[in-house]
Amino acid sequence: MTTEAASYFSRELLHWYLANKRDLPWRMNRDPYRVWVSEIMLQQTRVDTVIPYYERFMEKFPSAAALANAPEPDVLKCWEGLGYYSRARNLQAGAREVLTRHGGIVPDDKEAVSALRGVGPYTTGAIMSIAFNRPEPAVDGNVMRVLSRYFCLEEDIAKPATRVNIEKLAASLIPEGSAGDFNQALMELGALVCTPKSPGCLTCPVMMHCEGRMAGKEHVLPIKTKAKPPRRETRIAALITGSAELAGKLLVRQRPESGLLAQMWELPHVLAPEALAAAAPAKRRGRGKPAAAVGEASSAAGFAAADDGVMETAAGLELAFPAEPAANHADGGVLNVQAAGAASTDRRSAMADFLSRALSAEEGLLVRPDSWWGETDHVFSHIVWDMQVYRAEFGFWQSEAAGTAVGSGGTGEYPAAASEALAAYGEGPAPANYRWIGPEEMRTLAFPNVFVRILQDYWRDLD
DNA sequence: GATCCGTGGCA
DNA sequence: TTGCCAAGGAT
């Protein structure tokens, strides 16, 4: 590639961008905070999806100081449905750092920007070039695709090393004094013309010297190895209803501080063992009509009939919940379902059975499932949840004191002699991460989409 | 380097 | 319907 050809590319692309760029909310001005927020939201997320979130977010948190001083649950709620929720928490952590270390102003300093939580190589380049017009490359998926085609590069863009190489190329192409516009021009071309599936070469401003097109490879470039398919997990969730002062409310819990869907709220649910996983995946979100009662076949699996009375005594517990507790699987966390599987040929009864056993063992939560409610798939990048939802009646919380008395040791372990342990448990307080909510609480707590839909359906059906 | 992190649109 | 993938980063 001659410098002349590179110069042509940059000049023509920049010219095209200035005439064709979209009018997007984060292009209103070059406020580095606004640029920063937009770049975080746009990570792995389409422009059309981001726009309404961005408008709401900027209205609620118009400055780094405003974001830094906001309650974290408010920030997470504002991010609800956008995905990759650690972005929201990292962004707020970054805002707090900007407030305390840089006086509330995003610094015009590459190292300082790069050090902010959630800001990697791409976002650093984007902020430095767009907000400050510094000649830093900003190489995302669009840029790798555009440059792979234009320069007919056959390096696998799925490999991290490829991005590093393309960054060097991209840096060499930045026109003097136009870093921000040029970097956005590359991405804009990738989004509007040089698209992944059917590149619009006929309207491309740099078509004439595109090496990929001249080689007839515009449809095979860029080279990108396939990601491995997501694993499938069957999850059994519970719509747990209360009585008396809890009537009309549902029991929800908050997830741990890190990991999948960190700090989001959800219905209590457990991972189903392989023996209970669906033979066929739930093709679509669905509600069975009518909701099937699981009581009938469940007596064999240890379920009490619906009118067996309140589960308050040890005797009631024996009736309402399986006498045989789940065993602790060797590699941790997966309940053994052999007993339940053998006891019932009805998959839903076995699932309901397993649900009550697992909630008891994992959470100290005693409930009585009464019917299957519905099912839905929830797709992550690397996991697919086949969510089987059951209605259940709240029983009580097992007290921790009784648990330690029978030698239930560390976290996540099941009582060594759980049959006796269950009988020994008394009623205890609810764990801190659980809460009873009505429909109005949906406005303040952040739920992953799958639970938003289930809860909305549930409360709509009550009307 | 490989894996973990969400969600929705679309051919 | 299924697979792909979108302005990536942290570990």
Side-chain angles (χ1 to χ4, degrees), chain A residues 21-22 24-27 35-54 76 79-91 93-94 113-127 129-130 137-146 156-164 166-167 170 180 183-192 194-198 219 222 224-231 255-256 258-264 266 281-285 376-385 446-453:
Chain A
K21 68 175 180 179
R22 290 171 289 180
L24 300 172
W26 44 89
R27 287 179 176 165
V35 172
W36 178 20
V37 172
S38 74
E39 291 301 337
I40 299 298
M41 284 193 172
L42 286 163
Q43 289 170 2
Q44 302 291 286
T45 311
R46 295 178 188 288
V47 165
D48 289 344
T49 303
V50 165
I51 289 174
Y53 281 92
Y54 183 79
L76 204 55
W79 210 273
E80 182 185 74
L82 198 52
Y84 287 128
Y85 299 101
S86 67
R87 292 184 297 177
R89 293 180 295 114
N90 287 339
L91 181 58
V113 166
S114 179
L116 297 172
R117 293 286 295 172
V119 176
Y122 162 77
T123 306
T124 299
I127 293 173
S129 63
I130 298 172
V139 174
D140 67 344
N142 280 316
V143 175
M144 288 198 286
R145 182 175 60 255
V146 168
D156 182 359
I157 67 167
K159 295 182 184 303
T162 302
R163 200 210 73 237
V164 175
I166 293 184
E167 271 178 351
N183 283 345
Q184 292 184 84
L186 273 174
M187 295 186 276
E188 198 85 339
L189 188 75
L192 300 182
C194 197
T195 52
K197 293 187 177 169
S198 53
H219 291 287
K224 186 176 186 181
T225 55
K226 287 176 188 159
K228 87 174 185 191
R231 68 175 182 273
R255 295 179 61 87
S258 61
L260 182 69
L261 300 170
Q263 288 174 255
M264 302 288 283
E266 65 179 7
K283 297 298 184 190
R284 64 181 190 284
R285 211 157 57 80
T376 181
D377 272 4
H378 187 60
V379 181
F380 301 91
S381 308
H382 56 308
I383 310 173
V384 178
W385 276 353
F447 289 84
N449 271 359
V450 59
F451 295 111
V452 169
R453 295 200 185 98

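When reading the values below, keep in mind they use all heavy atoms of this one structure, side chains included, and skip hydrogens, waters and symmetry mates. Proteins get letters first, then strands, A, B, ... in listed order; numbering begins at 1 in each.
Going from atom OH of Y53(A) over to atom C1' of dG6(B) covers 10 Å, rounded to whole Å. Per the geometry, CD belonging to Q44(A) stands 13 Å off P belonging to dA10(C), to the nearest Å. Between the CZ atom of R117(A) and the P atom of dC5(B) there is a distance of 15 Å, rounded to whole Å. Nucleotide dG9(C) holds its P atom 15 Å from the CG atom of L82(A), rounded to whole Å. Look at CE on M41(A): it is 15 Å from C1' on dG8(C), rounded to the nearest Å. Atom NE2 in H382(A) sits about 7 Å away from atom P in dG6(B), given to the nearest Å. The interatomic distance linking Y85(A) (OH) with dG9(C) (C1') rounds to 17 Å, in whole Å. Atom-to-atom, CH2 of W385(A) to P of dG6(B) comes out at 9 Å; the value is rounded to the nearest Å.
Listed candidates were dC5(B), dG1(B), dC4(C). Nearest to the side chain of A161(A) is dG1(B). Counting only heavy atoms from C-beta on, P196(A) has its side chain closest to dA6(C) among dA6(C), dG1(B), dC4(C). Distances from the side chain of V379(A) to the nucleotides dT7(B), dA6(C), dG8(C) place dT7(B) closest. Residue P448(A) places its side chain closer to dT7(B) than to any other of dG8(C), dT7(B), dG1(B). Nearest to the side chain of R145(A), among dG9(C), dA6(C), dC5(B), sits dA6(C). Residue R46(A) places its side chain closer to dG8(B) than to any other of dG8(B), dC4(B), dG8(C). Side chain of R453(A), nearest nucleotide from dG6(B), dG8(B), dG8(C): dG8(B).
For the pair L24(A) and G118(A), nearest-nucleotide mapping onto DNA chain C gives the more 5' position to L24(A). Residue order along DNA chain B, read from the 5' end via each residue's closest nucleotide, puts Y84(A) first among K197(A) and Y84(A). With the nearest nucleotide of DNA chain C identified for both N90(A) and W26(A), W26(A) has the one nearer the 5' end. DNA chain B is contacted by both V450(A) and S198(A); V450(A) maps to the nucleotide lying nearer its 5′ end (nearest heavy atom per residue).
If you check every strand for non-hydrogen atoms under 4.0 Å, K226(A) touches sugar and phosphate atoms only. Within the 4.0 angstrom heavy-atom criterion, base atoms lie near R22(A). Using a 4.0 Å heavy-atom cutoff across all strands shown, I127(A) reaches no nucleic acid atom at all. Contact annotation for G259(A): backbone-only contact, meaning every heavy-atom pair under 4.0 Å involves sugar-phosphate atoms and none involves a base. T123(A) comes within 4.0 angstrom of sugar-phosphate atoms only, judged by non-hydrogen atoms across all strands, and of no base.
Classification of the H378(A)-W385(A) ring pair by plane angle, with boundaries at 30° and 60°, yields tilted.
For S381(A) and dG6(B), a side-chain-to-base donor-acceptor distance below 3.5 Å is present, hydrogens and geometry of angles not being considered. A donor and an acceptor atom sit less than 3.5 Å apart, one in the side chain of T45(A) and one in the base of dG6(B).
For M41(A) against W79(A), the heavy-atom pair with the smallest separation is CG-CH2, 3.5 Å.
Rounded to the nearest 0.5 Å, atoms OH (Y53(A)) and CD (E80(A)) are 7.0 Å apart. To the nearest 0.5 Å, atom CD of residue Q263(A) and atom CZ of residue R89(A) are 5.0 Å apart. Distance check, rounded to the nearest 0.5 Å: NE2 of H382(A) to CG of L260(A) gives 5.5 Å. A distance of 10.0 Å separates CZ of R87(A) from OG1 of T123(A), quoted to the nearest 0.5 Å.
Residue H378(A) places none of its side-chain N or O atoms closer than 4.0 Å to OP1 or OP2 of dG6(B). Distances shorter than 4.0 Å separate some side-chain N or O of N449(A) from OP1 or OP2 on dG8(B).
With no hydrogens or angles considered, a side-chain donor-acceptor pair links E39(A) and Y122(A) at under 3.5 Å.
Rounded to whole Å, the separation between the P atoms of dG6(B) and dT11(C) comes to 14 Å. Comparing the same atom, P, in dC5(B) and in dC5(C) gives a spacing of 22 Å after rounding to whole Å.
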